[in-house]
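The first residue of the sequence shown is numbered 1, and numbering continues consecutively from there.
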Amino acid sequence: MQKIKSFHADFRYIIPLAVHPIQPCVLSSGKLWDWNKGWKCTRTFATSSVIFQVMFNQEDTNSFAAALQDGTIEVWSLDSPVRNYTLSGHLDQVNCLDFFRRDNHQYLITGSNDCTAKIWDLQEMACIHTVEAIMSPVIFAISLPGRPYLVTGSKHRTVQVWSSTDFRLVRTVNLQAGGPVRGLVCLMDSRRVAIGQSNSLSIMEIDDEEAVASEGSK
């Protein structure tokens with residue numbers, strides 16, 4: 001491994017990064033950096049608060065969504081300095097978000113310190129469902145590509161699997177050690193989800209019968 005570039009970007013917080021799926025750009029701290037132009041900042045997006053997660057829309061790669069400390073979600077276009085719209089409804093900071101598709105519509109799942117996850121219809125620009133059975137700040141949330149599941153991870157070492165069809169709870173997994181859930185990622189072309197915690201890494205498998213089993217830890 002060899003470092004090929006470093007540069008000062010005047011970051012004052014721990015900032016999430018998102019790599020554009022087709023363009024030579026990285027989004028961070030409300031700034032778009034182009035590595036083909038020597039990591040020049042090509043655009044700045046003046047979000048209303050500190051960003052906790054940012055994600056490009058895989059179906060519309062000219063847009064992205066940002067989860068903010070003030071409890072809102074902002075949706076932006078890369079070619080405009082003005083946000084497209086704001087989604088409001090959480091009562092505390094929004095920690096995470098992910099895009100998913102259901103009934104030929106695109107949706108967004110968000111997780112917050114208010115101990116809820118919300119489902120947003122991006123066509124209607126409105127919340128259509130609130131998941132309230134979590135009982136802990138939601139630190140991470142993902143959708144499983146090609147499978148009808150959403151997965152949330154909480155501050156209190158709990159991972160929950162939800163149906164993306166009717167948003168019912170499918171299974172809860174209590175992680176006995178390792179600390180808060182810090183990250184979730186679906187392994188490519190797999191039924192497995194990697195769970196990152198403060199002190200451990202676990203693998204969880206979701207089968208076609210909606211059962212969940214812990215594969216291991218550390």
Gly179 backbone acceptor or donor facing Gln197 side chain under 3.5 Å: yes
Gln69 side chain to Val94 backbone, donor-acceptor under 3.5 Å: no
Remaining members of hydrophobic cluster (4.5 Å side-chain criterion), Met135: none
Side-chain donor or acceptor of Thr61 paired with backbone N/O of Gln58 under 3.5 Å: no
Minimum side-chain heavy-atom gap Asp121-Leu108 below 4.5 Å: no
Between CD1 on residue Ile119 and CD1 on residue Ile128, distance to nearest 0.5 Å: 7.0 Å
Common cluster, Leu17/Leu97, ILVMFWY with side-chain heavy-atom separation under 4.5 Å: no
ILVMFWY cluster, Phe100 and Leu169 together (side-chain gap under 4.5 Å): yes
Test item: Leu144 and Val151 side chains (from C-beta on) under 4.5 Å apart, heavy atoms: yes
Tyr85 with Met55, same ILVMFWY side-chain cluster at under 4.5 Å: yes
Phe140 side chain reached by Gln53 side chain, heavy atoms, under 4.5 Å: yes
Between Glu74 and Ser48: side-chain donor-acceptor atoms closer than 3.5 Å: yes
Minimum heavy-atom distance Ser28-Pro16, with the two atoms named: OG-O, 3.4 Å
Verify same cluster id: Val54, Leu78 (apolar side-chain graph, 4.5 Å): yes
Any donor-acceptor N or O pair under 3.5 Å, side chains Asp34, Thr42: no
Euclidean distance, Lys118 NZ relative to Thr130 OG1, rounded to 0.5 Å: 3.0 Å
hydrophobic_cluster_shared for Phe52 and Ile73, side chain cutoff 4.5 Å: no
Side-chain donor or acceptor of Asp98 paired with backbone N/O of Ser143 under 3.5 Å: yes
Residue pair Asn174, Arg157: steps toward the side-chain contact (heavy atoms from CB on, under 4.5 Å) verdict: CA-CA 6 Å; Asn174 293 307; Arg157 303 188 301 275; over 6 Å; no
Parallel, tilted or perpendicular: rings of Phe64 and Trp76 (30°, 60°): parallel
Min side-chain heavy-atom separation Glu132-Cys115 under 4.5 Å: no
Euclidean distance, Trp33 CH2 relative to Leu27 CG, rounded to 0.5 Å: 10.5 Å
Arg147 (side chain) donor-acceptor with Arg191 (main chain) under 3.5 angstrom: no
Steps toward side-chain contact (heavy atoms from CB on, under 4.5 Å) verdict (Val193, Tyr149): CA-CA 11 Å; Val193 173; Tyr149 301 111; over 6 Å; no
Test side-chain contact (heavy atoms from CB on, under 4.5 Å) applied to Thr72 and Leu87, step by step: CA-CA 6 Å; Thr72 65; Leu87 301 172; over 6 Å; no
Separation between CG of Leu68 and OG of Ser112, rounded to the nearest 0.5 Å: 11.5 Å
Distance-only polar pair, side chains of Gln106 and Asn57, donor-acceptor under 3.5 Å: yes
Separation between SG of Cys25 and CZ of Arg43, rounded to the nearest 0.5 Å: 11.0 Å
ILVMFWY clustering at 4.5 Å (side-chain atoms), partners of Leu91: none
Under 3.5 Å side-chain donor-acceptor pair for Ser198 and Arg182: yes
Heavy-atom pair of closest approach, residues Ser163 and Val170: N-CG2, 3.6 Å
Val138 backbone acceptor or donor facing Asn95 side chain under 3.5 Å: yes
Main-chain N/O of Asp79 paired to Ser77 side chain as donor or acceptor, under 3.5 Å: no
Nearest-0.5 Å distance, OG of residue Ser63 to CZ of residue Arg83: 15.0 Å
Thr110 vs His90 side-chain heavy atoms within contact, under 4.5 Å: yes
Donor-acceptor pair between Trp162 and Gln160 side chains, under 3.5 angstrom: no
Donor-acceptor under 3.5 Å (Ser200 side chain, Gly178 main chain): no
Backbone N/O of Ile195 and side chain of Ser202: donor-acceptor pair under 3.5 Å: no
Proximity of Phe56 and Phe99 rings by center, below 6.0 Å: no
Non-hydrogen side-chain atoms of Leu150 and Tyr107 separated by less than 4.5 Å: no
Residues Met204, Val173; criterion side-chain contact (heavy atoms from CB on, under 4.5 Å); working and verdict: CA-CA 9 Å; Met204 182 177 71; Val173 176; 4.0 Å; yes
Val185 vs Ile142 side-chain heavy atoms within contact, under 4.5 Å: no
Heavy-atom side-chain contact between Thr152 and Ile109 under 4.5 Å: yes
